[in-house]
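To keep things clear, I will list the structure first and then write my remarks on it.
Chain naming here is simple, since letters A, B, ... match the order of the sequence lines and numbering starts at 1 in each.
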Amino acid sequence: MKTLKEQFDILSDGAVDLLPQEDFMRKLERSIATGKPLRAKLGLDPSRPDIHIGHAVVLNKLRQFQDLGHTVVLIIGDFTAMIGDPTGKSKTRPALTLDETRENGKTYVEQAAKILDMSRTEVVYNSQWLDSMSFRDVITLSAKYTVAQLLERDDFTKRYRSGEPISVHEFLYPLSQAYDSVAVRSDIELGGTDQKFNLLVGREIMKAYGQEPQCILTMPILEGTDGVEKMSKSLDNYIALTDSAKDMFGKTMSIPDSLIARYYRYACFAGGEDVARMESELAAGTLHPRAAKVHVSGSLVDRYHGEGSGKEALDEFERVFVKKDIPDVIEETVLDGTSLDIVTILTSASMAQSKSEARRLIQQGGVSIDGTKITDPAALIDLQLPVILRVGKLRFLRISGR
RNA sequence: GGGUAGGUACUCAAGCGGCCAACGAGGGCAGACUGUAAAUCUGCUGACUUAUGUCUACGGAGGUUCGAAUCCUUCCCUACCCA
């Protein structure tokens with residue numbers, strides 16, 4: 001069993017906030033003394049079933065809790081997802097049915113299992129308690145917090161000032177999330193830094209319900225592969241846990257230099273010393289940024305696809321992008337006809353969304369067949385034998401006719 | 001309930017009777033240069049059997065007009081002020 005100090009050092013490493021520190025120390029101390037594990041809570045939004053390595057930052061931290069013997073409580077927000085979305089950004093997000101959210105929740109958990117130790121994980125759905133609350137219960141809950149307190153949240157303040165709509169139910173979101181903490185009696189809740197407000201509401205609400213308030217731990221929000229926006233599916237700048245080794249490697253190679261060490265630390269969960277060494281070598285110029293990225297990409301792939309797969313991904317990468325060769329595995333599509341015009345091929349193979357787009361791609365020189373650039377939109381392609389179609393830098397497809 | 005300002009393509013945002021598939025910016029895509037980095041430069045960015053062509057589109061539905069994103073009516077939506 002690790003000592004208090006050791007546990008604290010491990011758990012606080014890489015965290016942005018761990019509040020209040022003294023309370024957390026007390027909880028840890030008690031846990032060590034009584035042998036009773038802490039309950040670490042994480043709420044999941046099951047409206048989008050794919051987990052990406054941005055989510056993984058927090059999951060990895062949870063894993064550290066588990067490795068120290070503590071319990072993780074995953075709350076699938078099936079009830080909240082059913083109602084809609086609070087962020088205002090995507091106000092047209094369709095409300096999901098309970099079945100859909102359950103289904104998403106399941107895939108979510110399957111993916112989380114790549115990181116978490118499921119034998120030390122409790123999975124619960126918040127509809128279990130939220131769905132059965134009466135209107136009276138809701139009023140009781142909402143009476144425990146004030147509008148001014150809610151408006152403290154950055155995002156609410158901004159929207160309120162700039163005249164954007166805020167629906168009343170959005171105010172209820174932080175409260176219901178806070179109530180989840182009451183329901184599962186969490187000792188500490190984790191989340192991204194964007195969740196800090198919500199996590200803190202949890203403390204107040206727990207107190208109001210006569211419980212010992214949870215501590216909060218926030219992890220950084222990992223930027224997406226564009227290096228600017230936070231990683232998210234809707235911005236398409238994400239690396240999914242389910243991405244193939246090849247994609248994972250390639251996507252990581254495309255991150256800006258400024259993010260290399262950050263990815264090393266929060267995506268690969270490299271230790272503080274290793275990260276510091278990389279940072280200083282990069283700064284000193286003794287390590288080429290590309291080499292550092294190759295290392296980061298490789299260890300990321302190793303992490304999720306097994307030891308050694310990072311090397312394979314690198315070999316493939318070198319072949320395609322350094323030697324300008326074609327990938328060794330290319331998806332194949334069979335089309336009707338043995339001689340088709342290039343525009344038809346592009347659209348029916350889903351490499352272009354419309355014929356206009358196909359023509360544009362051709363005119364701009366982004367299309368080649370077997371390595372030969374196609375410039376004539378009316379060109380006929382002989383498909384007696386399979387050909388390799390390349391669109392842009394990254395998209396390859398083997399086409400054969402019948 | 002009353003008043004004011006608004007609702008334009010992925011986003012922001014011009015246009016305010018014909019020259020509008022709609023300026024500009026961002027984003028995205030393609031190309032050049034590179035380290036699948038950044039920065040920079042160029043082109044494209046509604047669809048259709050590529051046509052000085054047709055269709056769809058400026059919150060919805062009607063209307064005026066030879067002609068509407070632009071004018072009128074009505075409905076819906078948003079913010080703010082008053083109650």
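Between the P atoms of rU73(B) and rU65(B), the separation comes to 16 Å (whole Å). Comparing the P positions of rA69(B) and rA21(B) gives a spacing of 9 Å, expressed to the nearest Å. Distance check on atom P: rG43(B) versus rU52(B) gives 24 Å, rounded to whole Å. Distance noted for atom P between rG27(B) and rG17(B): 33 Å (whole Å). Here, rG46(B) and rG28(B) have their C1' atoms 15 Å apart, quoted to the whole Å. The P atoms of rG67(B) and rC19(B) are separated by 14 Å, rounded to the nearest whole Å. Comparing the same atom, P, in rG63(B) and in rC44(B) gives a spacing of 39 Å after rounding to whole Å. The separation of rG26(B) from rC75(B), taken at their C1' atoms, amounts to 34 Å, rounded to a whole angstrom.
A salt bridge between Arg102(A) and Asp99(A) is absent, with no side-chain N of the basic residue lying under 4.0 Å from a carboxylate O of the acidic one. Remark: Arg159(A) engages Glu170(A) in a salt bridge, criterion side-chain N to carboxylate O under 4.0 Å.
Two residues are said to be in side-chain contact when any heavy atoms from C-beta on lie closer than 4.5 Å; Lys2(A) and Ile10(A) meet this criterion.
Considering only side-chain atoms of Tyr160(A), the nucleotide from rA79(B), rC80(B), rA47(B) that sits closest is rC80(B). Between rA30(B), rC48(B), rU50(B), one nucleotide has an atom nearer to the side chain of Ser354(A) than all others, and that is rC48(B).
In this structure, Arg395(A) and Thr347(A) both approach RNA chain B, and ranking their closest nucleotides by distance from the 5' end singles out Arg395(A).
Rounded to whole Å, atom P of rU11(B) lies 13 Å from atom CG of Leu235(A). Arg161(A) places its CZ atom 17 Å from the P atom of rA79(B), with the value rounded to the nearest Å. Taking atom CD of residue Glu229(A) and atom P of nucleotide rU11(B), one finds them 15 Å apart after rounding to whole Å. Rounded to whole Å, the distance from CG on Leu346(A) to P on rU49(B) is 14 Å. Taking atom CG of Asp341(A) as the reference point, atom C1' of rU50(B) lies 13 Å away to the nearest angstrom. Across the protein-nucleic acid pair, Gln363(A) atom CD and rU45(B) atom C1' stand 13 Å apart, rounded to whole Å. For Glu164(A) and rA5(B), the CD to P distance is 22 Å, given to the nearest whole Å.
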Worksheet item: Using Watson-Crick and G-U wobble pairs whose two distances are both under 3.5 Å, how do you write the pairing of RNA chain B as dot-bracket, with | for links to another strand?
Response: ((((((((.[[[..)..(.....]]]((((((.......))))))(((....)))...[[[[[..)....]]]]]))))))).

Worksheet, complete the sentence: Its contact letters, B for base, S for sugar-phosphate only and - for none at protein heavy atoms under 4.0 Å, make nucleotides 31-42 of chain B read S--BBBB-----

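Here Arg360(A) does not reach the OP1 or OP2 of rG43(B): none of its side-chain N or O atoms lies under 4.0 Å away.
A side-chain donor-acceptor contact under 3.5 Å links Ser119(A) and Asp117(A). For the residue pair Gln195(A) / Glu189(A), no side-chain donor-acceptor distance below 3.5 Å is found, with atom types taken as modelled.
Checking side-chain atoms of Thr218(A) against main-chain N and O of Asp17(A) turns up a donor-acceptor pair under 3.5 Å. Looking only at distances, no side-chain donor or acceptor of Lys233(A) sits under 3.5 Å from a matching main-chain atom of Asp50(A). The backbone N or O of Pro174(A) lies less than 3.5 Å from no partner atom in the side chain of Asn198(A), so there is not a single donor-acceptor pair.
Between Tyr179(A) and Tyr209(A), the ring center distance clears the sub-6.0 Å criterion. Less than 6.0 angstrom separates the ring centroid of Phe317(A) from the ring centroid of Phe321(A).
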